[in-house]
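The shown structure was predicted, so the numbers you read here are calculated from the model rather than taken from an experiment. Side chains included, hydrogens not; waters and symmetry mates left out as well; all remaining heavy atoms used. Position 1 is the first residue of the sequence; numbering continues from there.
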Amino acid sequence: MAGIKEGDRMKPLRHIKHIVMIYNRFEEEKAELLSTFFRLIGTYVLAFVSQTINEGTDLSYKDFVIVINNNGKNTWIERGYRQYNWIHINMEALLCGENNVAVHRNIIGNLLRDMKKLPLGGEFDEAVFRELEWLADVYTSQNLLLYNYHLRLVTVRPEKRKGMLTAAVEHFQKALSQAEGLEESPHTFYFRQECRRKVNLACRLAGRLKYYRAEDLMATNLNYLSRNREFTCLWTLTGLIADEDNDKVYMAVNYYQMHLNEEKRLGDPEDERFQGYSHYRMGRYYERVDINWEKALKCYQAAYRSAPFNYRFTYKVAFAYETLRHDQWAEKYYDIIMEQMEPYIEGGYLTPCKCEYAFKVARRLMLVSMRQGQNFYAKKMAELAIRIWEDIPNNRFIERFYAGDEAKEIKEGMQQRLTIEPTREELEDIEKIIGMYY
């Protein structure tokens, strides 16, 4: 979505294609409230941590740039407020529970109204922001922030997992029913299809039959795309639906490629800055389905170039290099992730996903270092992996979503997912090697 110069007005834009979000390092739950909403309606979110922004950071985006709680602490961010597309919002601490619907609705509603007031907001059809406020009501009333998080949280006890997934199905189904009464438009269409996909995902995780046939969802998307070619994000959503169906998985890569092809056809260079996820999904296809690590690496590298601060993209580059036996290159990219993770480790604020990646990266660096004869560094990384595991009971992020026994249970689940015993045994082996030769 390129900015339109005054006097060169085209027809009003019908959907918000991209958003850049800047948030403080230890306030990730606030960014989650907003980013989850925008992703569910088909808007790609590119997220930056404010503490990592400096004079070398390219923030010349034409899309909406949303800054959460900067408060003058970063001068490079402050300079951005002079731009026509930047907006600053203040958010208090979030308590993510069933009783915070009104608070969350007000936060998103106020943001949408402020976005509409910006010069960039004037480029959109007025119905777009009205529609988004309706969808925000649905999103908050069904607490989809929490239930979307449940689908990514695989650390609860097996006996409770079924109930958690059943509740997620119910809430996404209710959200879908509420959205059925809204006018047909790109964001509403995407939201409905995404709710159906989330229902299917919850069913698959619970070992149940899917509610919606993958071929029907894909056909509906393709029919919509035949009438709305500019709504390119639907290509990647169609690829995700194929990816999550054993009979259709072979088709997924074609849809991801179509997303890239269509945006190339549209000719907006801004799109290229937001294509990392499509490249990442293509890489996963070549890694897991086609088993072609050279192709996978190229896709992961493209994803990394678009968002070098995304630790998932960086990890895949490193792991592909390691699989192809290029340990020095793998070590370089693992080190990049560890540098990004260090403040979170020291601050005791690791999301379950970050915790798992930090642990995995420490172990990968341990193994790569051992193969290269760097035994002291291998020992350091093994010790770091063990410390990450031992510090999970003190993790501050989980309390932003859960409390009491539930938080304790999730932390225990986080520990159970990590391979701690082999790591301890490997540390003993490294110490023996060091003792023999040094």
Side-chain angles (χ1 to χ4, degrees), residues 25-29 32 49 149-161 164 205 309-319 322-323 327 330-331 333-372 374-435:
R25 179 173 280 132
F26 299 132
E27 295 185 333
E28 191 161 341
E29 74 283 355
E32 286 267 6
V49 175
Y149 193 70
H150 281 338
L151 296 183
R152 294 183 291 151
L153 192 66
V154 291
T155 57
V156 294
R157 292 172 183 166
E159 62 270 23
K160 289 190 175 183
R161 185 162 172 73
M164 181 196 75
L205 291 172
F309 40 82
N310 187 308
Y311 61 90
R312 292 181 181 88
F313 297 172
T314 314
Y315 181 85
K316 284 298 188 179
V317 173
F319 192 70
E322 185 181 1
T323 302
D327 279 352
E331 183 179 24
Y333 287 96
Y334 285 137
D335 280 338
I336 290 172
I337 302 171
M338 196 52 69
E339 184 178 351
Q340 294 173 342
M341 292 291 183
E342 185 177 2
Y344 296 97
I345 296 169
E346 298 304 319
Y349 184 88
L350 285 164
T351 66
C353 188
K354 275 194 174 81
C355 183
E356 192 163 336
Y357 271 86
F359 182 86
K360 287 195 300 185
V361 170
R363 276 189 48 81
R364 301 314 314 169
L365 280 169
M366 174 194 71
L367 296 170
V368 168
S369 299
M370 287 178 66
R371 290 197 293 269
Q372 297 182 98
Q374 300 170 357
N375 293 309
F376 285 101
Y377 190 64
K379 178 184 177 183
K380 180 181 177 181
M381 289 298 102
E383 291 172 339
L384 177 59
I386 293 169
R387 179 160 72 88
I388 291 168
W389 185 88
E390 291 175 343
D391 285 348
I392 288 175
N394 302 318
N395 188 306
R396 294 190 294 123
F397 177 83
I398 295 301
E399 274 77 12
R400 308 291 174 92
F401 285 89
Y402 304 94
D405 291 341
E406 194 173 22
K408 181 180 178 182
E409 174 186 323
I410 288 169
K411 291 176 182 179
E412 290 172 354
M414 289 169 65
Q415 287 185 310
Q416 291 170 7
R417 281 179 58 82
L418 305 182
T419 53
I420 189 62
E421 291 307 321
T423 307
R424 286 177 171 147
E425 293 171 2
E426 286 156 343
L427 175 59
E428 290 178 4
D429 293 339
I430 294 168
E431 289 175 333
K432 289 177 183 177
I433 292 171
I434 292 173

When you measure from the side chain of [X] to the backbone of [Y], do you find a donor-acceptor pair of N or O atoms at a distance under 3.5 Å?
| X | Y | result |
| --- | --- | --- |
| K379 | I430 | no |
| E356 | L418 | no |
| R396 | G347 | yes |

Audit row: Y349, E27, side chain to side chain donor-acceptor pair (under 3.5 Å) steps and yes/no: CA-CA 9 Å; Y349 184 88; E27 295 185 333; over 6 Å; no
Is any side-chain heavy atom of [Y] closer than 4.5 Å to one of [X]?
| X | Y | answer |
| --- | --- | --- |
| T419 | F359 | yes |
| Q415 | P393 | yes |
| E426 | L367 | yes |
| L350 | M414 | no |
| E331 | D327 | no |
| S369 | F376 | no |
| E399 | K411 | yes |
| V368 | M381 | no |

When rounded to the nearest 0.5 angstrom, what is the spacing between [atom1] in [X] and [atom2] in [Y]?
| X | Y | atom1 | atom2 | result |
| --- | --- | --- | --- | --- |
| E421 | I386 | CD | CD1 | 9.0 Å |
| Y149 | T351 | OH | OG1 | 6.0 Å |
| C355 | N395 | SG | CG | 6.5 Å |
| E32 | F397 | CD | CZ | 5.5 Å |
| I337 | N310 | CD1 | CG | 9.5 Å |
| E425 | I420 | CD | CD1 | 10.5 Å |

Those residues that, when tested against [X], pass side chain to side chain donor-acceptor pair (under 3.5 Å) (two or more places apart):
| X | value |
| --- | --- |
| E428 | none |
| R25 | none |
| K354 | E28 |

Closest heavy-atom pair and its distance - [X], [Y]:
| X | Y | result |
| --- | --- | --- |
| M338 | A358 | CE-O, 3.7 Å |
| R363 | T423 | NH1-OG1, 3.0 Å |
| P343 | F26 | O-CZ, 3.6 Å |
| A330 | A318 | CB-O, 3.4 Å |
| Y333 | T314 | O-CG2, 3.6 Å |

Determine whether R312 and C353 satisfy the following criterion, side chain to side chain contact (heavy atoms under 4.5 Å, CB included), listing intermediate values before the conclusion. CA-CA 10 Å; R312 292 181 181 88; C353 188; 3.2 Å; yes
Dump the intermediate steps for side chain to side chain contact (heavy atoms under 4.5 Å, CB included) on Y377 and L365, then the final yes or no. CA-CA 8 Å; Y377 190 64; L365 280 169; 4.0 Å; yes
Check E346 with R387, please: is the shortest side-chain N to carboxylate O separation under 4.0 Å? yes
What orientation do Y315 and Y334 show, parallel under 30°, tilted 30 to 60°, or perpendicular over 60°? tilted
Would you indicate whether N394, at its atom CG, is surrounded by more than 12 heavy atoms from other residues, nucleotides or ligands within a distance under 6.0 Å? yes
Looking at K380, I want to see if its NZ is surrounded by more than 12 non-hydrogen atoms of other residues, nucleotides or ligands under 6.0 Å. no
